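In what follows, a structure is listed as structure tokens, so that the remarks can point back to it.
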Amino acid sequence: MGEAPVFVVDNFQDELSNGFALKSKGFETSTDVGDRTFVIGGANNDSASSIGVQIYEKSTGKWVIPTVLGTKPKPCKGHSAILLNEDRIMIIIRGSTQDDCIWFLEVDTKYVKEQKKVLGTEVVAWSKGVRGDAEKPIVISGPSGVGKGTLINMLMKEFPSMFGFSVSHTTRAPRNMEKNGVHYHFTERSVMEKDIKDGKFLEFASVHGNLYGTSLEAVEAVADSGKRCILDIDVQGARSVKASSLDAIFIFICPPSMKDLEERLRARGTETEEQVQKRLRNAEAEIEQGKSSGIFDHILYNDNLEECYENLKKLLGLDGSAPTNHKSSPKGIDLPLNHSVSKIDNKILINCETPELGNASKNL
Ligand SMILES: Nc1ncnc2c1ncn2[C@@H]1O[C@H](COP(=O)(O)OP(=O)(O)OP(=O)(O)O)[C@@H](O)[C@H]1O
Ligand SMILES: Nc1nc2c(ncn2[C@@H]2O[C@H](COP(=O)(O)O)[C@@H](O)[C@H]2O)c(=O)[nH]1
């Protein structure tokens, strides 16, 4: 089924007769989602460093400025917008670099609905479109205490609508702040063993004396939310995933030294002395395997946390450069001024009027 095209509107203010002041820099688009109109592109203030988002509620005739989550696209000279699945708007930015031309604004996804409840305001969330390998799940491994969880939390915080965490099952007891279903699914060994037998797990392993595993459901839940799945699993688990049909990117995080690792584990204060010793003993073998097994596509050293995080973003193509693993490099979208965008099945059609074709048009 085709859907109505959405056109670039050069000055949306001229289109509105409601009297509300929309700070127009030109080049806004409007997209209807139910009884709300999302106006994207007008800056919310004069010194805006990102594209503004404003919502017009048709039922009340009021403008709402939403809380905007995620890394935002910079103001641009024009873009097109099209609604996907009634819950997110795809934005194609004109004249942008190859890796900066596709963005998504989540307006009614599960994540946005949850955040609305938490924040008590209207919420929208940006995420940047990514290419090639960039859709693959990410497996992050490394010895206990190296900083995997810290790095994953940083990614999830900066790109809340882009990544989803695969919530593992474990038989270990929850730590003080850990919530069932959020950090882990805490479970009885007998139950988990039965579920493993029943084929419900993508991978599982005995780690530091407890059973840990990634259920198929955990990975599917992230995929269903339209996000990129991140798995925090040990090297044995990574080996199993590598042998499975899940086509993922494998990243191993190394500590700068065993001394640093020990300090971090102790400073975290979540393990008994006996557990710390066990985890450190296991760490040596894990580091050895991480470096030499050939499982991992990338090895990152987590010495300085900020630097390691920047390197992680770089290899995931989140710093404006192409993802490191990128094999072919398709061209960016050279969006002409006169064009329309429409959606047919799962394809986005960009219809351009090209001078060389006279009045005829060309589809991208
Ligand atoms: N680069 C770093 N420098 C210093 N401390 C760090 C660094 N990265 C993480 N930490 C700290 O080290 C501790 C362990 O980090 P984290 O819990 O993220 O490790 P982990 O690899 O997820 O461990 P586990 O596998 O046991 O879950 C935390 O207290 C964290 O704040
Ligand atoms: N093979 C798997 N390993 C997992 C999984 N979830 C976590 N882990 C790894 O366990 C250790 C210890 O974790 P902690 O939370 O007790 O500190 C750590 O290295 C994790 O990467 C899993 O589903 N499968």
Side-chain angles (χ1 to χ4, degrees), residues 137-157 165-180 182-187 192 195-196 200-219 221-222 229-244 246 248 250-272 274-287 289-290 295-296 300-312:
I138 305 160
V139 171
I140 299 193
S141 288
S144 176
V146 72
K148 302 180 295 295
T150 307
L151 290 162
I152 291 169
N153 286 340
M154 290 165 86
L155 265 186
M156 307 266 292
K157 193 167 173 206
F165 185 61
S166 156
V167 181
S168 293
H169 282 62
T170 182
T171 59
R172 90 153 158 72
R175 294 172 187 145
N176 271 348
M177 301 299 286
E178 285 180 334
K179 285 197 187 122
N180 192 27
V182 175
H183 299 94
Y184 280 106
H185 298 289
F186 295 100
T187 179
M192 193 163 161
D195 286 347
I196 290 170
K200 293 186 181 169
F201 279 81
L202 171 69
E203 64 76 31
F204 61 91
S206 175
V207 190
H208 318 311
N210 283 297
L211 208 49
Y212 292 76
T214 308
S215 69
L216 294 168
E217 205 179 327
V219 176
V222 178
C229 188
I230 306 184
L231 292 83
D232 174 347
I233 60 178
D234 86 319
V235 176
Q236 307 167 74
R239 193 187 296 277
S240 304
V241 175
K242 189 96 180 178
S244 79
L246 191 77
F250 293 79
I251 302 170
F252 188 80
I253 314 287
C254 259
S257 69
M258 286 304 289
K259 184 171 164 284
D260 284 279
L261 188 67
E262 181 167 354
E263 279 170 13
R264 286 179 200 176
L265 260 182
R266 288 192 195 291
R268 192 172 70 181
T270 48
E271 265 64 44
T272 62
E274 192 189 344
Q275 266 295 326
V276 169
Q277 293 299 339
K278 188 183 260 181
R279 285 176 181 237
L280 287 173
R281 276 198 305 277
N282 293 340
E284 305 217 6
E286 281 189 273
I287 295 168
Q289 286 177 46
I295 298 171
F296 295 94
L300 288 180
Y301 280 84
N302 183 15
D303 186 354
N304 177 294
L305 180 61
E306 287 305 325
E307 272 174 28
C308 184
Y309 180 58
E310 287 308 313
N311 288 334
L312 176 61

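In this chain, residues are counted from 1 in sequence order. All values reported here derive from a predicted model rather than from experimental measurement. Remember, it's 1-based here, ligands and their atoms both numbered in the order they're listed. We use all heavy atoms of the structure for the numbers below, so side chains are in, but hydrogens, waters and symmetry mates are not.
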Revision key, fill the gap. Candidates Ser144, Gly145, Gly142; heavy atom nearest atom 14 (C) of ligand 1 found on Gly145
Exercise for review: Please lay out, stage by stage, how Leu305 and Met154 fare under the test side chain to side chain contact (heavy atoms under 4.5 Å, CB included).
Suggested key: CA-CA 10 Å; Leu305 180 61; Met154 290 165 86; 4.0 Å; yes
**Study point:** Nearest-neighbour protein heavy atom for atom 23 (O) of ligand 2, which is reported as residue plus atom name and distance
**Key:** Ser168 OG, 2.6 Å
Point to revise | Min N/O separation His208 to ligand 2 under 3.5 Å | key: no
Practice item. Kindly identify the option in Arg268, His208, Arg264 whose heavy atom sits closest to atom 17 (O) of ligand 1. Key: Arg268
Point to revise | Contact with ligand 1 for Pro143, non-hydrogen, under 4.0 angstrom | key: yes
Review point. If every non-hydrogen atom of Ile295 is compared with every non-hydrogen atom of Phe250, which pair is closest and at what distance?
Key: O-CB, 3.5 Å
Review point. Under a heavy-atom criterion of less than 4.0 Å, does Gln236 contact ligand 2?
Key: no
Review point. With a cut-off of 4.0 Å, which atoms of ligand 2 are near a heavy atom of Ala205?
Key: 1 (N)
Point to revise | Residue of the set Asp232, Ile287, Val146 for which side chain to side chain contact (heavy atoms under 4.5 Å, CB included) holds with Ile253 | key: Val146
Review point. Considering distance alone, does some N or O of Leu265 sit under 3.5 Å from an N or O of ligand 1?
Key: no
**Study point:** Minimum side-chain heavy-atom gap Arg264-Asn302 below 4.5 Å
**Key:** yes
Exercise for review: Taking all heavy atoms of Met192 and all of Thr171, pick out the closest pair and write down the distance.
Suggested key: SD-CG2, 4.2 Å
Check your understanding: So do Leu265 and Arg268 actually touch side chain to side chain, heavy atoms under 4.5 Å?
Key -> yes
**Study point:** Intermediate values then yes/no, salt bridge (Lys or Arg N to Asp or Glu O under 4.0 Å), Glu271 and Arg175
**Key:** CA-CA 9 Å; Glu271 265 64 44; Arg175 294 172 187 145; 2.8 Å; yes
Review point. Considering residues, nucleotides and ligands other than Phe252, do more than 12 of their heavy atoms fall under 6.0 Å from its CZ?
Key: yes
Practice item. May I ask which of Asn302, Asn304, Thr150 has a heavy atom nearer to atom 8 (N) of ligand 1 than the others do? Key: Asn302
Point to revise | N or O contact, Val146 vs ligand 1, cut-off under 3.5 Å | key: yes
Check your understanding: Does the N or O separation between Glu271 and ligand 2 drop below 3.5 Å for any pair?
Key -> no
Revision key, fill the gap. Residue, atom and distance of the protein heavy atom nearest atom 13 (O) of ligand 2 read Tyr184 OH, 3.3 Å
Review point. Ligand 2 and Glu203, any nitrogen or oxygen pair closer than 3.5 angstrom?
Key: yes
Revision key, fill the gap. Any heavy atom of Asp303 under 4.0 Å from ligand 1? The part involved is backbone
Practice item. To the nearest 0.5 Å, tell me how far Thr170 OG1 sits from Leu211 CG. Key: 7.5 Å
Review point. Below 3.5 angstrom, do we get any N/O pair linking Gly213 and ligand 2?
Key: yes
Review point. Under 4.0 Å from ligand 2, counting heavy atoms only, is it the side chain of Arg172, its backbone, both or neither?
Key: side chain
Exercise for review: Just jot down the ligand 1 atoms closer than 4.0 angstrom to any heavy atom of Gly149, in number order.
Suggested key: 18 (O), 20 (P), 22 (O)
Check your understanding: Should we count CD of Gln275 as having more than 12 external heavy atoms under 6.0 Å?
Key -> yes
Check your understanding: Given Ile140, Asp234, Asp232, which one has a non-hydrogen atom that is nearest to atom 3 (N) of ligand 2?
Key -> Asp234
Check your understanding: Mind checking whether Arg279 has a heavy atom under 4.0 Å from ligand 1?
Key -> yes
Point to revise | Residue Gly237 vicinity, atoms of ligand 2 by number, heavy atom under 4.0 Å | key: 1 (N)
Review point. His185 vs His169 aromatic rings, parallel, tilted or perpendicular, using cut-offs 30° and 60°?
Key: tilted
Check your understanding: Is Arg175 touching ligand 2 with its side chain, its backbone, both, or neither, if touching means heavy atoms under 4.0 Å apart?
Key -> side chain
Exercise for review: Go through the side-chain N and O atoms of Gln277 and Arg281 and say whether any donor and acceptor fall under 3.5 Å apart.
Suggested key: no
Check your understanding: Looking only at protein heavy atoms, which one is nearest to atom 25 (O) of ligand 1, and how far off is it?
Key -> Lys148 NZ, 2.6 Å
Exercise for review: Tell me which one of Val235, Ile233, Thr270 gets a heavy atom nearest to atom 4 (C) of ligand 2.
Suggested key: Ile233
Revision key, fill the gap. Between Gly237 and Ala205, the two heavy atoms sitting closest are N-CB, 4.5 Å
Check your understanding: How does Arg279 reach ligand 2, by side chain, by backbone, by both or by neither, if only non-hydrogen atoms under 4.0 Å count?
Key -> side chain
Exercise for review: Around atom 19 (O) of ligand 1, find the nearest protein heavy atom and jot down its residue, atom name and distance.
Suggested key: Gly147 N, 3.1 Å
Check your understanding: Should Phe201 and Leu216 count as side-chain neighbours, where that means a heavy-atom distance under 4.5 Å?
Key -> no
Practice item. Answer with side chain, backbone, both or neither: which part of Ala267 has a heavy atom less than 4.0 angstrom from an atom of ligand 1? Key: neither
Practice item. Could you list the atoms of ligand 2 found under 4.0 angstrom from a heavy atom of Lys148? Key: 19 (O), 21 (O)
Practice item. Provide, to 0.1 Å, the distance between atom 11 (C) of ligand 2 and the closest protein heavy atom, together with that atom's residue and name. Key: Val207 CG1, 3.8 Å
Study note, to complete from the structure: Shortest non-hydrogen pair, His208 vs Glu286, comes out as CE1-OE1, 4.0 Å
Practice item. May I ask you to identify, for His169, whether its side chain, its backbone, both or neither come under 4.0 Å of ligand 2 on a heavy-atom basis? Key: neither
Check your understanding: Do the charged groups of Glu263 and Lys259 touch, with an N to O distance under 4.0 Å?
Key -> yes
Check your understanding: Between Leu151 and Ile140, is a side chain to side chain contact (heavy atoms under 4.5 Å, CB included) present by the stated rule, with each step listed?
Key -> CA-CA 10 Å; Leu151 290 162; Ile140 299 193; 5.8 Å; no
